[in-house]
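Let me begin by presenting the structure, written as structure tokens, before commenting on it.
Just so you know, ligand 1 is whichever comes first in the structure, and atom 1 is the first atom listed for that ligand.
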Amino acid sequence: MSADVLLGLQWGDEGKGKIVDVLTPKYDIIARFQGGPNAGHTLEFNGIKHVLHTIPSGIFHDSNINVVGNGVVIDPVIFKKEIDALKKLGVDVSKKLLISKRAHLILPTHRLLDAASEAAKGKDKIGSTLKGIGPTYMDKTGRNGLRVGDITTPAFKQKYDTLVAKHKQLLAFHNYEYNLAELEPAFFEGIEVLKELQHIDSEQYINKAMRAGKKVLAEGAQGSLLDIDFGTYPFVTSSNTVTAGACTGLGVAPNKIGNVIGIFKAYCTRVGSGPFPTELNDETGEKIRQVGREFGATTGRPRRCGWLDLPALNYAIMINGATELMMMKADILSEFDTIKICTHYKFKGETIDYLPYDIVDNAIEPVYIEMKGWKKDLTKMDNIDQLPVELKDYVAYIEKQTGVPISIVSIGPDRKQTIFMEHALVK
Ligand code: GDP
Ligand code: IMO
Ligand code: MG
């Protein structure tokens with residue numbers, strides 16, 4: 001079997017968690033491949049609303065294995081909280097959650113360094129989630145990092161002390177004040193919880209499972225436009241959020257990747273700093289934010305809102321090789337008489353239909369087409385025949401402009417509020 005990949009095509013928060021939960025019964029293994037607790041993946045079902053940060057979104061199903069892959073960075077403090085919250089809901093992770101020995105650890109000093117770095121950037125800050133993601137990946141590529149496999153070795157404490165000593169020098173360079181003694185007990189408590197879980201060579205585990213015919217779904221975090229290479233650099237995260245990240249973050253070879261499922265909202269949002277061509281700094285943007293409850297699942301920050309951006313979407317589809325699309329939050333656009341879609345940009349005096357390299361320092365102006373809104377409550381519909389014709393037109397237009405079928409239209413946060421379209425590979 002090959003592994004399917006599910007990831008975000010915009011700036012994150014597209015609704016990946018909801019769809020992974022919906023699709024989990026069709027798979028055997030759900031595996032996170034990058035990012036860390038900067039992610040917030042929301043699941044809603046049976047009146048429960050739950051946000052996951054590091055643990056894959058298949059965890060609520062009983063017959064699936066969830067893997068935290070080598071490409072993920074783990075904060076033991078947040079990880080313990082996630083496990084405690086799941087326990088309260090009666091979810092026992094001990095048999096269905098496996099952690100790669102190669103996954104890197106976020107230390108308390110990584111979080112401090114994230115905050116110090118953002119403070120030093122002043123108005124140019126990235127708008128990081130302050131979870132220590134950047135500094136942890138820096139130590140990974142700098143070959144200084146600590147990994148899950150280290151925590152059960154006698155040298156762990158000494159390796160920890162060596163890295164912390166280095167971090168203290170960097171914090172002194174930043175003149176950053178902190179109280180590490182206050183942060184360390186929770187870290188070491190989290191380490192004890194991590195020790196109790198099953199640590200595996202996840203690349204071996206996943207490849208063996210695929211050879212045995214098991215179906216794997218790789219769950220992405222963040223979004224393609226936050227990718228370290230292809231996103232709106234430097235306003236990006238520190239990992240490869242695109243399909244290629246699933247290869248390096250799980251040890252799945254490129255020729256073993258199957259379907260690539262691209263998740264996008266029917267409009268756009270972004271949290272944190274950086275370019276956002278279709279951003280609406282007006283009443284319409286505010287209306288999308290309020291109706292769509294666009295506030296971060298991890299930090300609570302208001303999300304910036306704007307219309308759907310086709311050049312950016314097509315860019316993400318190209319980089320990922322998306323084979324099918326799923327459109328989220330169609331219900332939020334029910335409020336609008338007319339809906340705009342950006343088809344081109346005006347950039348440096350020309351009209352272009354692609355996302356250029358240098359949008360951080362140059363003005364970019366969206367060119368829109370306008371479509372009639374559907375103005376109907378979608379949230380109680382349960383099949384494609386009930387969808388209003390204007391929504392079907394909206395979907396058909398996007399399919400035509402992207403060349404990729406839309407297999408799911410999501411009409412509410414709940415698992416059940418999911419409409420499978422004709423093209424749905426998973427029904
Ligand atoms: P993720 O990071 O991609 O998993 O997305 P988040 O969980 O951060 O943000 C998506 C938000 O939209 C969550 O609050 C979801 O419960 C909610 N959501 C997902 N799909 C839909 C939908 O179709 N309609 C509505 N109204 N809300 C949705
Ligand atoms: P999910 O998986 C939305 C953004 C931050 C910031 C930038 C860098 O829930 O879609 P970082 O903490 O990674 O150094 O922050 O990336 N960001 C996200 N935005 N959803 C996310 O994850 C995000 N993870 C990071 O807001 O702009
Ligand atoms: Mg999120």
Check your understanding: Do any N/O atoms on G40 end up under 3.5 angstrom from N/O atoms on ligand 1?
Key -> yes

**Study point:** K329, R289, R304 screened by side chain to side chain donor-acceptor pair (under 3.5 Å) with E294, the one that passes
**Key:** K329

Practice item. Find all atoms of ligand 1 within a distance of less than 4.0 Å from any non-hydrogen atom belonging to S410, and give their numbers and elements. Key: 20 (N), 21 (C), 22 (C), 23 (O)

Point to revise | Short N or O distance, A330 and ligand 1, threshold 3.5 Å exclusive | key: no

Check your understanding: What atoms of ligand 2 come closer than 4.0 angstrom to any heavy atom of R301?
Key -> 5 (C), 26 (O)

Check your understanding: N/O of S273 under 3.5 Å from N/O of ligand 2, yes or no?
Key -> no

Review point. Between K265 and ligand 1, does any nitrogen or oxygen pair lie at a separation below 3.5 Å?
Key: no

Exercise for review: Within a distance under 4.0 Å of any heavy atom of G412, pick out the atoms of ligand 1 and give their elements.
Suggested key: 20 (N), 21 (C), 22 (C), 23 (O), 24 (N), 25 (C)

Check your understanding: Taking N or O atoms only and a 3.5 Å limit, does G17 qualify as a polar contact for ligand 1?
Key -> yes

Check your understanding: With a cut-off of 4.0 Å, which atoms of ligand 2 are near a heavy atom of W11?
Key -> 3 (C), 19 (N)

Review point. Considering D114, L226, L52, which one's heavy-atom position lies nearest to atom 16 (O) of ligand 2?
Key: L226

Point to revise | Enumerated ligand 1 atoms positioned under 4.0 Å from heavy atoms of E44 | key: 16 (O)

Practice item. Work out whether the distance between some heavy atom of K16 and some atom of ligand 2 is less than 4.0 Å. Key: yes

Exercise for review: Considering the heavy atoms of H41, write down every atom of ligand 1 situated less than 4.0 Å from one of them.
Suggested key: 1 (P), 2 (O), 4 (O), 7 (O)

Review point. For G40, is the nearest heavy atom under 4.0 Å from an atom of ligand 2?
Key: yes

Check your understanding: Can you tell which part of H41 has a heavy atom less than 4.0 Å from ligand 2: side chain, backbone, both or neither?
Key -> side chain

Exercise for review: Report yes if M328 has an N/O atom closer than 3.5 Å to an N/O atom of ligand 1; otherwise report no.
Suggested key: no

Practice item. Please report the C-alpha distance between F336 and W374 in whole Å, then the side-chain angles of each, then the deciding distance to 0.1 Å, and finally whether the ring pair (Phe, Tyr, Trp, His ring centres under 6.0 Å) criterion is met. Key: CA-CA 8 Å; F336 296 88; W374 39 90; 9.5 Å; no

Check your understanding: Angle class for the H50/F60 ring planes (parallel below 30°, perpendicular above 60°, tilted otherwise)?
Key -> perpendicular

Practice item. May I ask whether R303 has any heavy atom positioned less than 4.0 angstrom from an atom of ligand 2? Key: no

Check your understanding: Considering only heavy atoms, which of P413, G15, S57 lies nearest to atom 5 (O) of ligand 1?
Key -> G15

Point to revise | Protein contact of atom 7 (O) of ligand 1 - nearest heavy atom, named by residue and atom, plus distance | key: T42 OG1, 2.5 Å

Check your understanding: For the ring pair F187 and Y160, is the centre-to-centre distance below 6.0 Å?
Key -> yes

Practice item. Report yes if D13 has an N/O atom closer than 3.5 Å to an N/O atom of ligand 1; otherwise report no. Key: yes

Check your understanding: Which part of L43 is near ligand 1, with near meaning a heavy atom under 4.0 Å away: side chain, backbone, both or neither?
Key -> neither

Practice item. Enumerate the atoms of ligand 1 whose separation from the nearest heavy atom of I332 is less than 4.0 angstrom. Key: 26 (N)

Review point. Under 2.8 Å from the Mg ion (ligand 3), is there an N/O/S atom belonging to G17?
Key: no

Check your understanding: In ligand 2, which numbered atoms sit nearer than 4.0 Å to a non-hydrogen atom of G127?
Key -> 5 (C), 6 (C), 26 (O), 27 (O)

Check your understanding: Among K18, E294, K329, which residue places a heavy atom closest to atom 11 (C) of ligand 1?
Key -> K329

**Study point:** Close approach, V236 and ligand 2, non-hydrogen under 4.0 angstrom
**Key:** yes

Review point. Should you measure from each heavy atom of A221, which atoms of ligand 2 turn up under 4.0 Å away?
Key: 2 (O)

Check your understanding: Out of E14, Q417, R303, whose heavy atom sits nearest atom 9 (O) of ligand 1?
Key -> R303

Review point. Is Q222 near ligand 2, meaning one of its heavy atoms is under 4.0 Å from it?
Key: yes

Check your understanding: Ring centres of W11 and F235 under 6.0 Å apart?
Key -> no

Practice item. Return the option from D13, I126, V73, V271 holding the heavy atom at the smallest distance from atom 21 (C) of ligand 2. Key: D13

Exercise for review: Please identify which atoms of ligand 2 are closer than 4.0 Å to at least one heavy atom of G272.
Suggested key: 27 (O)

Check your understanding: To which protein heavy atom is atom 15 (O) of ligand 2 closest, and what is the distance rounded to 0.1 Å?
Key -> S128 CA, 3.4 Å

Exercise for review: Using the side chain to side chain donor-acceptor pair (under 3.5 Å) rule, pick out the option among T237, D114, T54, D75 that qualifies with N38.
Suggested key: T237

Point to revise | For atom 24 (N) of ligand 1, closest protein heavy-atom neighbour | key: D331 OD1, 2.8 Å

**Study point:** Name of the residue among M371, E370, E390, K372 meeting side-chain contact (heavy atoms from CB on, under 4.5 Å) with T338
**Key:** E370

Check your understanding: Taking the Mg ion (ligand 3) as the vertex, how big is the angle to OD1 in D13 and O in G40, rounded to 10°?
Key -> 160°

Review point. Counting from 1, what ligand 2 atoms have a heavy atom of A39 closer than 4.0 Å?
Key: 1 (P), 2 (O), 9 (O), 22 (O)

**Study point:** Residue portion contacting ligand 2 (non-hydrogen atoms closer than 4.0 Å) for K131
**Key:** neither

Exercise for review: For T237, take its heavy atoms, then give the atoms of ligand 2 lying under 4.0 Å from any of them.
Suggested key: 11 (P), 13 (O)

Practice item. Looking only at distances, please establish whether an N/O atom of ligand 2 is found under 3.5 Å from an N/O atom of T129. Key: yes

